[in-house]
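Every chain is numbered from 1 and lettered A, B, ... according to where its sequence line falls, protein lines coming before strand lines.
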Amino acid sequence: MPRRIPSAVSRVTDAAAARGFPRFDLGQIRRGGLDCGRIANCRAIMRLTQYFLPLLRENPSEAQIVSHRLMLRAGMVRQSSAGIYSWLPLGLRVLNRVGQIVREEQDRAGAQEILMPTIQPAELWRESGRYDDYGKEMLRIRDRHERDMLYGPTNEEQITAIVRDAIRSYRDLPKNLYHIQWKFRDEVRPRFGVMRGREFLMKDNYSFDLDAAAAKHAYNKMFLAYLRTFARMGLKAIPMRADTGPIGGDLSHEFQILAETGESEVFCDRRWLDTDILAADVDYDSDLEPFFRHWTSLYAATDEMHKPENCPVPPEQLVSARGIEVGHIFYFGAKYSKPMGAVVTGPNGDEVPLEMGSYGIGVSRLVGALIEANHDDAGIIWPDSVAPFRLGLINLRPADAKCRAAADDLYAKLRRAGVEVLYDDRDDSPGAKFAAMDLIGLPDQLIIGPRGVAAGTIECKNRRSGARVDLSLDAALTRFTSA
RNA sequence: CGGGGCGUAGCGCAGUCCGGUAGCGCACCUGCUUUGGGAGCAGGAUGUCGGAGGUUCGAAUCCUCUCGCCCCGACCA
């Protein structure tokens with residue numbers, strides 16, 4: 001690179017550094033030593049005077065349940081039509097966070113990410129026989145050539161077609177492919193905001209194995225991955241024996257979060273309430289059957305699967321509650337591979353239909369479910385792992401030069417350290433700022449005001465506990481940059 | 001898809017029964033004063049009353065049709 005260009009760049013980065021952006025070392029970037037994701041993040045607007053955060057003071061009349069109300073009030077989403085939403089900056093950050101945790105745990109479990117289309121040809125669904133079965137929930141579209149298309153409600157057919165065309169031998173197995181993509185199901189009655197939308201973001205994956213034993217291992221891997229995924233979000237999602245529904249198949253578990261606003265009735269052993277579902281770290285390549293048996297030994301079943309007359313749990317030990325379904329896994333063998341001709345040549349030369357499973361996580365639904373599980377009267381309380389920003393920084397008196405200097409300085413240092421901090425630098429009354437920050441629910445708040453600045457301290461408030469502590473600016477910085 | 005409810009300013013609502021120049025609170029704009037839990041004063045802007053048709057001298061209001069949204073149920077990640 002010519003010499004004079006880096007100097008021009010360095011002037012730019014000097015100016016950027018003065019505004020709180022990190023100074024980029026081009027050499028370091030070229031050597032791959034600087035995380036480009038972090039650079040992009042550091043460029044993002046995080047000042048409330050510039051950020052698009054349309055807060056609502058009152059509850060919109062169309063929103064009835066708490067997560068829907070709070071998502072609208074906190075400027076996370078706006079409704080476009082029934083069950084269809086636009087995601088605004090704050091909401092999109094959470095959606096991406098949730099998606100990223102799902103992605104990391106899928107990758108860890110050995111699944112590989114792909115991206116399939118939202119629009120699918122009807123032909124594929126005629127092959128599996130589901131085109132007529134699926135009914136009015138499938139949004140059918142006709143293109144300009146009068147070809148029948150559809151907006152995918154799920155992707156079993158699509159993935160089966162991809163795999164059958166690409167995989168010939170049992171040596172190519174196992175495979176597990178996932179994507180995170182928008183789906184559409186034309187629900188008769190969408191409700192509960194993003195938790196029961198018509199358009200929704202879902203992670204779905206599909207496992208392909210040679211025989212039932214290998215397929216069960218794939219199922220167990222996903223079972224484990226799901227426990228880990230939800231635990232990382234601070235959610236207790238109980239695996240429950242479930243009906244296989246229109247996907248079909250032999251074995252199925254739903255992962256349910258207990259919440260008053262859950263849409264279905266679920267039953268489980270009382271001991272689940274005290275069970276801590278850890279983000280278990282188990283070797284995915286080991287025999288997972290003992291693990292699976294352990295986590296399915298305590299009774300838990302959805303309404304359709306629960307039969308009071310032969311329930312193994314005595315009534316006094318049984319809990320009946322409402323559940324939000326955030327994940328669903330299926331083992332269905334050759335249900336799709338057989339009619340669609342997805343076969344491999346086995347070890348002894350026979351053609352064998354692939355043994356398949358499919359696994360879903362409602363990514364957009366989880367955002368609502370997370371709020372159902374984490375809020376109080378003042379607003380949302382984000383778990384750290386999914387919070388749109390780690391910190392909120394409030395400058396109570398932007399017009400005061402000392403407050404401004406202290407807040408700008410802290411903001412710049414936090415940004416430089418890669419901390420995601422939403423900075424309320426607006427000229428507004430203190431009460432309004434406190435209320436806004438509580439509403440959007442960032443895990444911790446740093447509050448800078450004339451009182452503290454005079455004493456050389458800022459206040460640090462934890463959103464969940466409400467605990468407040470006065471810290472020096474340096475101590476506050478260390479607290480959130482040293483972890 | 002059955003049953004119910006609601007569409008009036010960005011949000012929350014009154015006005016509709018009983019037709020007569022479209023209102024209130026918050027938010028917004030301007031100015032001044034304020035500033036540690038949704039500030040005060042003064043001034044200002046904002047509407048095809050969901051849409052179409054009809055009745056009438058005159059319709060947010062009455063009649064007909066229609067669209068949208070919400071709730072309960074059935075259904076669903």
Side-chain angles (χ1 to χ4, degrees), chain A residues 54-65 68-69 72-73 75 78-84 134-138 152-156 180-205 226 237 242-247 252-257 262-264 302-304 323-330 358-366 368-369 378-379 394-400 403 426-439 445 447-455 457-459 461 466 468 470:
Chain A
L55 301 177
L56 264 30
R57 188 162 169 169
E58 291 177 87
N59 287 321
S61 59
E62 81 253 22
Q64 299 299 318
I65 64 162
H68 191 195
R69 281 199 282 227
L72 290 166
R73 286 193 53 207
R78 284 290 115 102
Q79 180 163 320
S80 169
S81 59
I84 302 179
Y134 219 93
K136 290 191 158 181
E137 298 203 334
M138 182 147 76
T154 177
N155 290 66
E156 276 83 5
I180 298 176
Q181 177 64 291
W182 292 94
K183 309 285 192 290
F184 194 90
R185 294 182 192 172
D186 200 358
E187 302 281 347
V188 208
R189 179 151 104 84
R191 66 189 115 165
F192 302 148
V194 298
M195 288 205 298
R196 178 81 183 278
R198 292 194 291 171
E199 189 181 55
F200 56 97
L201 186 63
M202 179 173 163
K203 184 283 301 176
D204 46 322
N205 57 320
Y226 276 36
D243 192 18
T244 52
I247 307 280
S252 175
H253 284 87
E254 282 181 15
F255 289 76
Q256 295 269 358
I257 292 166
E263 40 179 338
S264 55
T302 59
D303 194 27
E304 314 82 65
I324 301 170
E325 180 187 354
V326 290
H328 202 160
I329 61 180
F330 301 88
S358 77
Y359 315 89
I361 289 181
V363 175
S364 49
R365 170 180 286 189
L366 267 167
I394 300 178
N395 182 359
L396 287 179
R397 193 103 47 107
D400 179 275
C403 287
R426 297 172 305 165
D427 185 16
D428 206 338
S429 72
K433 295 185 176 196
F434 291 133
M437 202 55 89
D438 286 349
L439 173 63
Q445 301 170 7
I447 301 155
I448 293 184
R451 218 164 63 189
V453 165
T457 63
I458 65 174
E459 184 177 301
K461 175 186 154 186
R468 297 153 189 271
D470 286 331

Hey, are the side chains of A/Arg365 and A/Glu325 touching, using non-hydrogen atoms and a 4.5 Å cut-off? yes
Take the protein atom CG of A/Asn395 and the nucleotide atom P of B/rU35, then report the distance between them rounded to whole Å. 15 Å
Using purine N1 to pyrimidine N3 plus N6-O4 or O6-N4 for Watson-Crick, or N1-O2 and O6-N3 for G-U wobble, both under 3.5 Å, which nucleotide pairs with B/rU34? none
Within the distance-only criterion (no hydrogens, no angle test), does the side chain of A/Gln256 pair as donor or acceptor with the backbone N or O of A/Ile324 below 3.5 angstrom? yes
Looking only at side-chain N and O atoms, does A/Ser358 offer a donor or acceptor that is under 3.5 Å from a partner on A/Glu156? yes
B/rA74 and B/rG37, which share atom name C1', separated by this distance in whole Å: 46 Å
Take the protein atom CG of A/Leu56 and the nucleotide atom P of B/rG25, then report the distance between them rounded to whole Å. 19 Å
Base, sugar-phosphate, or nothing: which does A/Gly452 touch, judged by heavy atoms less than 4.0 Å apart? base
Tell me the interatomic distance from A/Arg78, atom CZ, to B/rC69, atom P, rounded to whole angstroms. 17 Å
Both distances under 3.5 Å, Watson-Crick or G-U wobble: report the partner of B/rA14, or none. none
In this structure, CG of A/Asn155 is separated from NZ of A/Lys183 (nearest 0.5 Å) by 5.0 Å
Quick check, does A/Phe434 stack with B/rG36? I mean ring centres under 5.5 Å and planes off by under 30°. no
Do A/Lys461 and B/rG37 share a donor-acceptor pair, side chain to base, under 3.5 Å? yes
Base, sugar-phosphate alone, or nothing: which one does A/Gly197 contact when heavy atoms must sit under 4.0 Å apart? base
Using the C1' atom as the reference point in each nucleotide, state the distance between B/rC13 and B/rC1 in Å, no decimals. 32 Å
B/rA77 C1' sits how many Å from A/Lys183 NZ, rounded? 10 Å
When you compare the protein's N or O atoms with those of nucleotides 72-74 of chain B, which come within less than 3.5 Å of each other, and at what distance?
from: B/rC72; atom 1: OP2; to: A/Arg189; atom 2: NH1; distance (Å): 3.3
from: B/rC72; atom 1: OP2; to: A/Arg189; atom 2: NH2; distance (Å): 2.6
from: B/rC72; atom 1: N4; to: A/Arg189; atom 2: NE; distance (Å): 3.3
from: B/rA74; atom 1: N6; to: A/Arg191; atom 2: NH2; distance (Å): 2.8

Now, which nucleotide makes the Watson-Crick or G-U wobble pair with B/rC75, with each of the two distances under 3.5 Å? none
Rounded to whole angstrom units, what separation is found between the CD atom of A/Glu254 and the P atom of B/rA77? 8 Å
Answer with base, sugar-phosphate or nothing: what part of the nucleic acid does A/Ser264 contact at a heavy-atom distance below 4.0 Å? nothing
Gap in Å between the two P atoms, one belonging to B/rG12 and one to B/rU48, rounded: 16 Å
A/Phe200 meets the ring pair (Phe, Tyr, Trp, His ring centres under 6.0 Å) criterion, sequence neighbours left out, with none
Rounding to a whole Å, what distance do you find between A/Asp428:CG and B/rC26:P? 15 Å
Counting only Watson-Crick or G-U wobble pairs whose two distances fall under 3.5 Å, which nucleotide matches B/rG53? B/rC63
P atom, B/rG20 versus B/rC62: distance in rounded Å? 11 Å
Using Watson-Crick or G-U wobble geometry with both distances under 3.5 Å, which nucleotide pairs with B/rA27? none
What is the nucleic acid contact for A/Arg73, judged by heavy atoms within less than 4.0 Å: base, sugar-phosphate only, or nothing? base
At less than 4.0 Å, is any side-chain N or O atom of A/Lys433 found next to OP1 or OP2 of B/rG36? Yes or no. no
Distance check, C1' atoms only: B/rC49 and B/rC6, in whole angstrom units. 14 Å
Taking only the C1' atom of each, what is the distance from B/rU56 to B/rG19 in whole angstrom? 9 Å
Salt bridge (charged side-chain N to carboxylate O under 4.0 Å, His left out) partners of A/Asp428, counting only residues at least two apart: none
Nucleotide paired to B/rG47 in any strand shown, Watson-Crick or G-U, under 3.5 Å: none
Is A/Leu396 touching bases, backbone alone, or none of the nucleic acid, heavy atoms closer than 4.0 Å? base
Identify whether any heavy atom of A/Lys203 sits under 4.0 Å from a base atom; if not, whether one sits that close to sugar-phosphate; answer base, sugar-phosphate or nothing. nothing
Write down the distance separating the P atoms in B/rA52 and B/rU8, rounded off to the nearest Å. 15 Å
Once side chain to side chain contact (heavy atoms under 4.5 Å, CB included) is applied, do any residues pair with A/Glu199, and if so which ones, sequence neighbours excluded? A/Ile84, A/Tyr151, A/Trp182, A/Phe184
With a 4.5 Å cut-off on side-chain heavy atoms, are A/Phe255 and A/Ile329 touching? yes
Could you tell me if A/Gln445 and A/Asp438 have a donor-acceptor pair between their side chains, going purely by distance under 3.5 Å? yes
If you look at every strand shown and take non-hydrogen atoms under 4.0 Å, does A/Glu263 touch a base, only sugar-phosphate, or nothing? base
Quickly work out the A/Glu156 CD to B/rA77 P distance and round it to whole Å. 11 Å
Using side chain to side chain contact (heavy atoms under 4.5 Å, CB included) as the criterion, list what pairs up with A/Ser429, not counting sequence neighbours. A/Ala432
Describe the nucleic acid contact of A/Gly449 in one word from base, sugar-phosphate, nothing, applying a heavy-atom distance below 4.0 Å. base
Who does B/rC6 pair with, Watson-Crick or G-U, both distances under 3.5 Å? B/rG68
Sugar-phosphate, base or nothing in reach of A/Arg198, heavy atoms under 4.0 Å: nothing
Within residues 57-65 of chain A, those residues having any heavy atom closer than 4.0 Å to RNA chain B are A/Arg57, A/Glu58, A/Asn59, A/Pro60, A/Ser61, A/Glu62, A/Gln64
Partners passing ring pair (Phe, Tyr, Trp, His ring centres under 6.0 Å) against A/Tyr359 (at least two apart in sequence or in another chain): none
Atom pair distance, as rounded to whole Å: CZ in A/Arg365 and P in B/rA77: 8 Å
Please state the P separation for the pair B/rG51 and B/rG7 - nearest whole angstrom. 13 Å
Partner residues of A/Ala436 under the side chain to side chain contact (heavy atoms under 4.5 Å, CB included) criterion, sequence neighbours left out: A/Leu55, A/Arg426
Sorted by chain and number, sequence neighbours left out, side chain to side chain contact (heavy atoms under 4.5 Å, CB included) with A/Glu58 holds for none
Taking the nucleotide of RNA chain B with the nearest heavy atom to each, does A/Ile361 or A/Ala399 sit closer to the 5' end? A/Ala399
